[in-house]
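Step one of this worksheet: look at the structure below.
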Amino acid sequence: MTERTSEDILKSAILLEKRGRAFYKKVASQTEHAATREFFQMMADEEKTHVEILARQYRSLMDTGGFATAEPNPEDIHDEVATQVLCKQMRKELGAADFEAAAISAAMSMEQRAIDLYTRRAKEATDEKEKALYQWLVDWEQGHLTFLAEVDQELREDVWNDQNFWPY
């Protein structure tokens, strides 16, 4: 791919991550539930990290004509144990019809868009460092999506159980 295409993809990716961060921050600021606020703030913080990583890569591309060596420290990735604890606390706080539950559904859509963009670019890129960057982002965003889908499914099952929707 051409340098211009790489530049355009990075710009789109930065914008996508900034929009995700703004969304997560807004939900965190509007929820009354502590665990839910903590979760959405954690997601906003991770999106900020993505913006910073992409911005560094953009600067490298503009300054040197190529991508920087692969990124981040393992501590940049969220703690799986902490997210599982948050998940349990969120289930206690939320119902499937709550604003926050709707936000989880919207967040799933945003994460899927990011995965699609990064997957496509990882396949198209000819620069190995660029491929590695986008594959790393795919893996991180997939973790977000998986967690959100688990919360969404658990909330849905809670409602089904409460409403006796099960056929048995």
Side-chain angles (χ1 to χ4, degrees), residues 1-30 36-84 86-87 90 99-156:
M1 289 289 130
T2 66
E3 183 176 314
R4 182 70 188 147
T5 301
S6 296
E7 180 182 341
D8 289 341
I9 294 295
L10 282 170
K11 287 178 181 178
S12 295
I14 290 167
L15 181 60
L16 186 67
E17 298 293 342
K18 283 186 172 195
R19 287 177 178 165
R21 181 171 187 249
F23 175 76
Y24 290 134
K25 283 177 66 172
K26 185 71 166 175
V27 175
S29 73
Q30 290 184 340
T36 305
R37 182 173 32 261
E38 185 178 342
F39 169 74
F40 279 104
Q41 186 57 56
M42 178 191 72
M43 294 292 284
D45 293 345
E46 289 189 5
E47 298 302 307
K48 180 181 177 199
T49 299
H50 294 177
V51 169
E52 292 166 352
I53 290 166
L54 290 163
R56 278 194 300 272
Q57 293 292 345
Y58 181 81
R59 280 191 301 278
S60 176
L61 186 63
M62 296 298 96
D63 293 347
T64 70
F67 284 77
T69 304
E71 288 292 341
N73 295 325
E75 68 238 20
D76 289 339
I77 299 175
H78 65 269
D79 181 358
E80 290 297 321
V81 174
T83 55
Q84 293 307 316
L86 282 177
C87 179
M90 285 172 58
F99 159 74
E100 295 87 347
I104 289 169
S105 181
M108 289 170 58
S109 179
M110 288 186 338
E111 296 295 336
Q112 187 61 60
R113 279 194 307 271
I115 291 167
D116 293 345
L117 174 66
Y118 300 151
T119 299
R120 190 169 47 254
R121 189 59 190 162
K123 288 178 184 172
E124 294 171 351
T126 56
D127 181 290
E128 289 305 314
K129 291 177 183 176
E130 184 179 11
K131 282 182 178 291
L133 167 68
Y134 288 117
Q135 187 56 56
W136 180 84
L137 286 165
V138 165
D139 295 343
W140 200 347
E141 299 290 9
Q142 187 61 53
H144 288 171
L145 181 59
T146 298
F147 178 73
L148 289 163
E150 288 171 5
V151 171
D152 185 61
Q153 179 64 31
E154 290 173 3
L155 289 172
R156 191 173 328 123

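Residues take their numbers from the sequence shown, with the count starting at 1.
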Evaluate the side-chain contact (heavy atoms from CB on, under 4.5 Å) criterion for residues Arg21 and Val51: first the C-alpha distance (whole Å), next the side-chain angles of each, then the deciding distance (0.1 Å), finally the verdict.
CA-CA 9 Å; Arg21 181 171 187 249; Val51 169; 5.6 Å; no

For the residue pair Trp140 and His50, does the interplanar ring angle fall in the parallel (under 30°), tilted (30 to 60°) or perpendicular (over 60°) class?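 Ring orientation, 0 to 90° scale: perpendicular.
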
### Task
Could you check whether the rings of Phe147 and Phe39 sit parallel, tilted or perpendicular, using 30° and 60° as the cut-offs?
tilted

Would you mind reporting whether [Y] and [X] have side-chain heavy atoms less than 4.5 Å apart?
X	Y	answer
Gln41	Glu46	no
Leu54	Tyr58	no
Tyr134	Arg120	no
Ile53	Arg56	yes
Glu47	Glu141	yes
Leu10	Leu133	yes

So, the side chain of [X] versus the backbone of [Y]: is there a donor-acceptor pair under 3.5 Å, distance only?
X	Y	value
Glu111	Gln142	no
Thr49	Asp45	yes
Lys25	Ala44	no
Lys131	Ala125	yes

Requested in this report: Could you please spell out the steps behind the side-chain contact (heavy atoms from CB on, under 4.5 Å) verdict for Gln30 and Arg37?
Outcome: CA-CA 8 Å; Gln30 290 184 340; Arg37 182 173 32 261; over 6 Å; no

Could you pull out the closest heavy-atom pair between [X] and [Y], with the gap in Å?
X	Y	answer
Ala68	Ser60	N-OG, 3.3 Å
Leu148	Ala107	CD1-CB, 3.8 Å
Val27	Ala103	CG2-CB, 3.7 Å

Spacing of [X] atom [atom1] and [Y] atom [atom2] [to the nearest 0.5 Å]:
X	Y	atom1	atom2	value
Gln135	Tyr118	CD	OH	12.5 Å
Tyr24	Ser29	OH	OG	14.5 Å
Glu128	Phe67	CD	CZ	12.0 Å
Ile9	Leu117	CD1	CG	5.5 Å
Leu137	Thr119	CG	OG1	10.0 Å
Leu61	Gln57	CG	CD	8.5 Å

Exercise for the section: Dump the intermediate steps for side chain to side chain donor-acceptor pair (under 3.5 Å) on Ser6 and Arg121, then the final yes or no. Expected result: CA-CA 9 Å; Ser6 296; Arg121 189 59 190 162; 2.9 Å; yes

